[in-house]
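As structure tokens, the structure follows; a few thoughts come after it.
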Amino acid sequence: MKTDNKLIGAGLLTAIAASLCCITPVLALIAGTSGLASTFSWLEPFRPYFIGLTILVLGFAWYQKLKPKKQIDCNCETEEKPKFIQSKMFLGIVTAFAIVMLAFPYYSSIFYPKKEKQIIVVDKSNIQKVKFTISGMTCASCEEHINHEVNKLTGIISSNASYENGNAIIEFDNSKTNISEIEKAINSTGYSVTDKKEN
């Protein structure tokens with residue numbers, strides 16, 4: 001029974017570790033400390049291993065739980081009902097939680113508030129588009145965090161961050177904001193602008 005508890009605990013920890021780099025930006029947004037967003041981005045290259053380990057550990061825990069028990073010839077032992085923490089129900093809850101954690105990068109955008117902004121451009125010659133190269137982004141949650149911070153600035157027309165490309169293409173009215181303000185907003189998330197050029 002102690003082995004089952006260790007397996008369940010290990011499965012839970014690996015599931016959390018697999019999604020920690022994606023959960024941190026959301027937690028940083030909620031806590032109001034957006035600079036912490038990239039703290040666990042170093043875990044991203046290990047995510048596939050954590051996912052594999054989670055599946056392996058939970059699969060083995062389920063195998064242990066579901067395998068047939070050996071029959072004992074004497075009737076001297078009575079079957080005790082297992083404690084909740086050792087039950088199939090608890091293992092099911094842990095498995096469901098692990099699935100929710102592993103899938104987090106795919107639905108993390110729902111945690112970022114969507115703001116409808118009204119954009120008024122007085123002079124089209126003030127419109128500028130800049131491509132910022134950004135290091136440290138590892139998933140869709142990172143993109144949402146950067147877009148959220150940049151869109152707080154006045155004069156932003158569009159912000160399109162991409163972790164796959166490692167950049168953000170931002171269109172803005174340069175009479176209301178400027179490149180250094182946008183760079184400062186991106187850097188405040190914990191990710192770093194490494195290069196910028198006009199598009």
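These numbers come from the heavy atoms of this one structure, side chains and all, not from hydrogens, waters or symmetry mates. For clarity, every value in this text was computed on a predicted model and none was experimentally measured.
Considering OG1 of Thr138 and CD of Glu164, their distance stands at 11.5 Å, rounded to 0.5 Å. In this structure, Ser192 OG and Asn187 CG are separated by 5.5 Å, a value rounded to the nearest 0.5 Å. The line from NZ of Lys184 to CD1 of Ile179 is 14.5 Å long, rounded to the nearest 0.5 Å. For the atom pair Thr54 OG1 and Tyr49 OH, the distance stands at 14.5 Å (nearest 0.5 Å). Here the CG atom belonging to Asn151 is positioned 11.0 Å from the CD1 atom belonging to Ile157, to the nearest 0.5 angstrom.
For the pair Tyr191 and Ser135, the minimum side-chain heavy-atom distance is 4.5 Å or more. For the pair Lys197/Val130, no side-chain contact is recorded, criterion being any heavy-atom separation below 4.5 Å from C-beta on. The shortest distance between side-chain heavy atoms of Thr133 and Lys196 does not fall below 4.5 Å. Contact of the Ile156 side chain with the Ile182 side chain is registered, since non-hydrogen atoms from C-beta on lie closer than 4.5 Å. Thr177 is listed as a side-chain neighbour of Phe172, based on a closest heavy-atom distance under 4.5 Å.
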Self-check item: Criterion side chain to side chain contact (heavy atoms under 4.5 Å, CB included) on Ile127 and Glu171, from CA distance to verdict
Solution: CA-CA 7 Å; Ile127 303 297; Glu171 193 173 6; 3.3 Å; yes

Exercise. Evaluate the criterion side chain to side chain contact (heavy atoms under 4.5 Å, CB included) for residue pair Asp173 and Asn126; output intermediate values, then yes/no.
Key: CA-CA 5 Å; Asp173 182 340; Asn126 291 338; 3.2 Å; yes

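Screening Thr194, Val150, Asp195, Val193 for a side-chain contact (heavy atoms from CB on, under 4.5 Å) involving Phe132 leaves a single residue, Val193.
Under the 4.5 Å side-chain heavy-atom criterion for grouping Ile, Leu, Val, Met, Phe, Trp and Tyr, Ile169 is not connected to Met137 through any hydrophobic cluster. There is no path of hydrophobic side-chain contacts, each under 4.5 Å, that joins Ile99 to Phe97. One hydrophobic cluster, built from ILVMFWY side chains closer than 4.5 Å, cannot hold both Leu56 and Tyr63; they sit in different ones.
Side-chain N/O atoms of Asn147 and Ser159 include a donor and acceptor closer than 3.5 Å. In this model, a donor atom of one side chain and an acceptor atom of the other lie less than 3.5 Å apart for Gln128 and Glu198.
Looking at Thr189, its side chain does come within 3.5 Å of a backbone N or O of Ile186 through a donor-acceptor pair. Using modelled atom types, no side-chain atom of Asn165 and backbone atom of Asn167 make a donor-acceptor pair closer than 3.5 Å.
Contact between Ala185 and Glu149 at its shortest, heavy atoms only, is O-CB, 4.0 Å.
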